[in-house]
Amino acid sequence: MRPAKQGESWKKSLGTAFLVASVVYCVVWGFRGAFGRLRSPGCSGKHALPTSYTLPSGDKIPSVALGVWRAEKGKVGDAVKTALNAGYRHIDGAWIYGNEAEVGEALKESGVPREDIWITSKLWNDFHAPEDIEPVLDESLSRLGTDYLDLYLIHWPVAFKKGKIPREVDWDLTNNSYPTWQKLEELVEKGKIRNIGVSNFNIRRIQNLTANPLKIKPVINQVELNYWNPQPELLKWSKQNGILLEAYSPLGSAERVKETLQVPEVKKIARVLGITPAQVYISWHVQRGTAVLPKSVTPSRVEENLQITRLPEHLFDLLENAANSHKPVRSVDPHWGVDIWH
Ligand SMILES: NC(=O)c1ccc[n+]([C@@H]2O[C@H](COP(=O)([O-])OP(=O)(O)OC[C@H]3O[C@@H](n4cnc5c(N)ncnc54)[C@H](OP(=O)(O)O)[C@@H]3O)[C@@H](O)[C@H]2O)c1
């Protein structure tokens, strides 16, 4: 072998140093990416699951949120702080959850800049009348300690007459959400909301709404999506129509989570990939092209739920087929005298 000249050995050392540095960089970024804090576009590559979706407004909504429905007072604040510390930047709340003040306090105490966090709230059924919307939105803003929401959703396609006990359905506003929507558009123009959408709307209801001359189209529909109720037709139609679905009750909600985590196909996928069944589901949701909103007030689970990974195609298909091969069952199905789902 020919001894290397001085110049060549210098180049060789530089090359080796570059190689070592690249490997270290990718390992470190890969490690941090795996824990959901940061992702390097260079190393996570096209095979990583999306960490956010870009909406027509140009805003980027993080793909995984902490859901706070039934996150009890006294626990929800710590859950929010744990989540932000673990790398979440998306909190899914609602006026009706009754915990916005504690969420707001935790957001402030976390020290994470407001503009780095995606905050969603929802308009409750009692307040669909246009004149009732801004006051209740202001209440949410003040409790959350912010002057704008990233996303405000019509929580249900059901309007109640305000202040009636027992509850009375307002059929005009239930059958026609346009007056409510027009007010939301006005509040976007006023700068109190950045994006608007709906929740629990089926295709027919979205079409009824979008048949009006809207200034802003609904960009998001938050619906139940899980192993028991995977809604493949709604998912396909929403993608074709530029509406992002958000998967609520992604683990089957509190009543079914144990059973959900025991599904044999999911246990198998978890074993093969060395991840937990909850991580399999949360990854599956993002891989289906939806945002996902797992709720937990348990610190280890909050952290666990952010660590998602792309499932190999055959394992993704295994779960997709299993979820689609039984009769769909809803976990959240309130009975208010309105046929919500048809
Ligand atoms: N728009 C709507 O009408 C609507 C309706 C329902 C829900 N949502 C949104 O969706 C969010 C999530 O839905 P959800 O709360 O019904 O149900 P979910 O997220 O499917 O399940 C929550 C349950 O799973 C448990 N859990 C969470 N992570 C776990 C893990 N890694 N391992 C084992 N158990 C785990 C939680 O327990 P711990 O908390 O005790 O850890 C809790 O009991 C809500 O918080 C809310 O933001 C919206």
Quiz item: So, Lys161 and Asp172, do they make that salt bridge, N to O below 4.0 Å?
Solution: no
Quiz item: What do you reckon, are the aromatic ring centroids of Phe127 and Trp95 less than 6.0 Å apart?
Solution: yes
Quiz item: Should we say atom NZ of Lys236 is surrounded by more than 12 heavy atoms from elsewhere, each under 6.0 Å from it?
Solution: no
Quiz item: Within 45° of the ring axis of Phe316 and under 6.0 Å from its six-membered ring centre, is that where the NZ or CZ of Arg310 lies?
Solution: no
Practice problem: Considering only NZ, NE, NH1 and NH2 on the basic side and carboxylate oxygens on the acidic side, decide whether Arg301 and Glu304 come within less than 4.0 Å. | Solution: no
Quiz item: Would Val297 and Val302 show up in the same hydrophobic cluster when neighbours are defined by side-chain heavy atoms closer than 4.5 Å?
Solution: no
Quiz item: Are side-chain heavy atoms of Leu144 and Val103 found at a separation under 4.5 Å?
Solution: yes
Exercise. Could you tell me whether Arg143 and Glu139 make a salt bridge, using a distance below 4.0 angstrom between a side-chain N and a carboxylate O?
Key: yes
Quiz item: side-chain hydrogen bond (donor to acceptor under 3.5 Å, both in side chains) with Asn202: which residues, sequence neighbours excluded?
Solution: none
Practice problem: Could you tell me whether Arg89 sits above the aromatic face of Trp118, with NZ or CZ closer than 6.0 angstrom to the six-membered ring centre and within 45 degrees of the axis? | Solution: no
Quiz item: Quick one: do Glu72 and Lys75 make a salt bridge, cutoff under 4.0 Å?
Solution: yes
Exercise. Measure the shortest side-chain to side-chain distance between Ile91 and Thr120 over non-hydrogen atoms and say whether it is less than 4.5 angstrom.
Key: no
Quiz item: Do the charged groups of Glu134 and Lys192 touch, with an N to O distance under 4.0 Å?
Solution: yes
Practice problem: Nearest 0.5 Å please: distance from the OG atom of Ser140 over to the CD1 atom of Ile96. | Solution: 10.5 Å
Quiz prompt | Whether Ser110 side chain and Lys81 backbone form a donor-acceptor pair below 3.5 Å | solution = no
Quiz item: Side-chain heavy atoms under 4.5 angstrom apart, residues restricted to Ile, Leu, Val, Met, Phe, Trp, Tyr: same cluster for Leu318 and Tyr281?
Solution: yes
Quiz item: For Trp237, does its backbone N or O pair with a side-chain atom of Asn241 as donor and acceptor, under 3.5 Å?
Solution: yes
Exercise. Run the ring-centre check on Phe160 versus Trp336 and record whether the distance is less than 6.0 Å.
Key: yes
Self-check item: Arg256 to Trp228 six-membered ring, cation-pi geometry met (6.0 Å, 45°)
Solution: yes
Quiz item: Is the shortest distance from a Lys or Arg side-chain nitrogen in Arg288 or Glu320 to a carboxylate oxygen in the other one below 4.0 Å?
Solution: yes
Exercise. Provide the full list of salt bridge (charged side-chain N to carboxylate O under 4.0 Å, His left out) pairs with a residue in residues 207-221, sequence neighbours left out, each pair given once.
Key: Glu189-Lys215
Practice problem: Could you tell me whether Gln240 atom CD has more than 12 heavy atoms of other residues or ligands within 6.0 Å of it? | Solution: yes
Exercise. Quick one: do Val292 and Tyr248 satisfy side-chain contact (heavy atoms from CB on, under 4.5 Å)? Show the steps, please.
Key: CA-CA 7 Å; Val292 58; Tyr248 80 58; over 6 Å; no
Quiz item: To the nearest 0.5 Å, what is the distance between OG (Ser63) and NE2 (His285)?
Solution: 12.5 Å
Practice problem: Flag the pair Lys73 and Glu100 as a salt bridge only when some basic side-chain nitrogen lies within less than 4.0 angstrom of an acidic carboxylate oxygen. | Solution: no
Quiz item: Any Lys/Arg nitrogen of Asp92 or Lys122 sitting under 4.0 Å from an Asp/Glu carboxylate oxygen of the other?
Solution: yes
Practice problem: Run the salt-bridge test on Asp126 and Lys162 with the 4.0 Å N-O cut-off and return the result as yes or no. | Solution: no
